[in-house]
Chemist: 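My questions all concern the structure below.
In this text, all values refer to a predicted model and were calculated from it rather than measured experimentally.
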Amino acid sequence: MFRPGTDELNVQYEDVLCNFCHRAWDPDDPARPFVEGHHGSHICGECLSLAYLATVLEGRDDRRAGEACTMCLIEPDLPFWRSPELPDARICRACVKRSSGTLEKDKDYTWKPPCL
């Protein structure tokens, strides 16, 4: 997501926010990588780690009928993780896995998925 009032013709790093915690992207902070989804949705590495732990490792499902994933905008029949800070933000397990693969391959960051 973008900070309210962002000039879409001049987006700055600090205008890019994680949809799940509203923290701003800082490309110089290797501890806070970001992945972009559809229509300007974003998830930071910290939130992605929480989502991975919940949906992939623990098999938790916070899905509610009629809700779409914030990242892919579809309603797959898969477990969802819901942000504890922003309950309207949710990510499906497919997007969690896809985003995890993206961050693992990014040489600018050292992000790895959590393990039990």
Chemist: Kindly write out the residues that satisfy ring-ring contact (aromatic ring centres under 6.0 Å, His included) with F80, not counting sequence neighbours, or none if the list is empty.
Modeler: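 Not a single residue meets the ring-ring contact (aromatic ring centres under 6.0 Å, His included) criterion with F80.
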Chemist: Identify the two heavy atoms, one from N19 and one from L86, that lie closest to each other, and give their separation to 0.1 Å.
Modeler: O-CD1, 3.4 Å
Chemist: Taking the side chain as C-beta and beyond, is there a heavy-atom pair between P113 and S49 under 4.5 Å?
Modeler: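 The answer is no; the side chains never approach within 4.5 Å.
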Chemist: What's the separation between atom CD1 in I91 and atom CH2 in W81, rounded to the nearest 0.5 Å?
Modeler: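 Separation between the atoms: 8.0 Å.
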Chemist: Where the side chain of S83 meets the backbone of E85, is there a donor-acceptor pair that is under 3.5 Å apart?
Modeler: yes
Chemist: Side chains of V96 and V56: does their closest heavy-atom pair fall under 4.5 Å?
Modeler: yes
Chemist: Is the H42-F2 ring centre distance short of 6.0 angstrom?
Modeler: yes
Chemist: Would you find a donor on one side and an acceptor on the other, under 3.5 Å apart, between the side chain of S41 and the backbone of H38?
Modeler: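 Checked: pair present.
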Chemist: Going from CG on D15 to CE on M1, what distance comes out if it is rounded to the nearest 0.5 angstrom?
Modeler: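 Rounded to the nearest 0.5 Å, the CG-CE separation comes out at 11.5 Å.
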Chemist: Going by heavy atoms in the side chains, are R90 and D62 under 4.5 Å from each other?
Modeler: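 Of all side-chain heavy-atom pairs linking D62 with R90, none is under 4.5 Å.
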Chemist: Between atom CG of L53 and atom CZ of R60, what is the distance when rounded to the nearest 0.5 Å?
Modeler: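 Going from the CG atom of L53 to the CZ atom of R60 covers 8.0 Å.
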Chemist: Counting N and O atoms only, with roles assigned by atom type, does the side chain of D29 sit under 3.5 Å from a partner on the main chain of D26, one being a donor and the other an acceptor?
Modeler: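 No: the side chain of D29 does not pair with the backbone of D26.
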Chemist: Please report, to 0.1 Å, the donor-acceptor pairs under 3.5 Å made by any side chain of residues 101-110, with sequence neighbours excluded.
Modeler:
| unit_1 | atom_1 | unit_2 | atom_2 | d |
| --- | --- | --- | --- | --- |
| T102 | OG1 | R98 | O | 3.1 |
| D106 | OD1 | D108 | N | 2.8 |

Chemist: Look only at the side chain of W111 and the backbone of G45, and say whether a donor-acceptor pair between them is shorter than 3.5 Å.
Modeler: yes
Chemist: Go through L73 and H39 one step at a time and tell me if the side chain to side chain contact (heavy atoms under 4.5 Å, CB included) criterion holds.
Modeler: CA-CA 9 Å; L73 306 177; H39 296 286; 2.9 Å; yes
Chemist: What pair of heavy atoms forms the shortest contact from P114 to L57, and how long is it?
Modeler: O-CD1, 3.3 Å
Chemist: Would you say W25 and L17 make side-chain contact, with heavy atoms under 4.5 Å?
Modeler: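 A side-chain contact is absent here, since even the closest heavy-atom pair is not under 4.5 Å.
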Chemist: Supply the atom-to-atom distance E75 CD to C92 SG, rounded to the nearest 0.5 angstrom.
Modeler: 11.0 Å
Chemist: Can you list everything that forms a side-chain hydrogen bond (donor to acceptor under 3.5 Å, both in side chains) with D61? Sequence neighbours excluded, please.
Modeler: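 Partners of D61 under the side-chain hydrogen bond (donor to acceptor under 3.5 Å, both in side chains) test: R63.
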Chemist: Can you check whether F34 reaches C18 side chain to side chain, under 4.5 Å on heavy atoms?
Modeler: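 Counting from C-beta outward, F34 and C18 do come under 4.5 Å.
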Chemist: Rounded to the nearest 0.5 Å, what separates atom CD in E46 from atom CZ in R32?
Modeler: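 E46 CD to R32 CZ: 4.0 Å, rounded to 0.5 Å.
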Chemist: State, to 0.1 Å, how close R93 and L78 come at their nearest heavy-atom pair, and which atoms those are.
Modeler: NH2-CD2, 3.5 Å
Chemist: With distance as the sole test, does R82 use its side chain to make a donor-acceptor pair with the main-chain N or O of P87 at under 3.5 Å?
Modeler: yes
Chemist: Working to the nearest 0.5 angstrom, can you tell me the gap between M71 CE and L48 CG?
Modeler: 8.0 Å
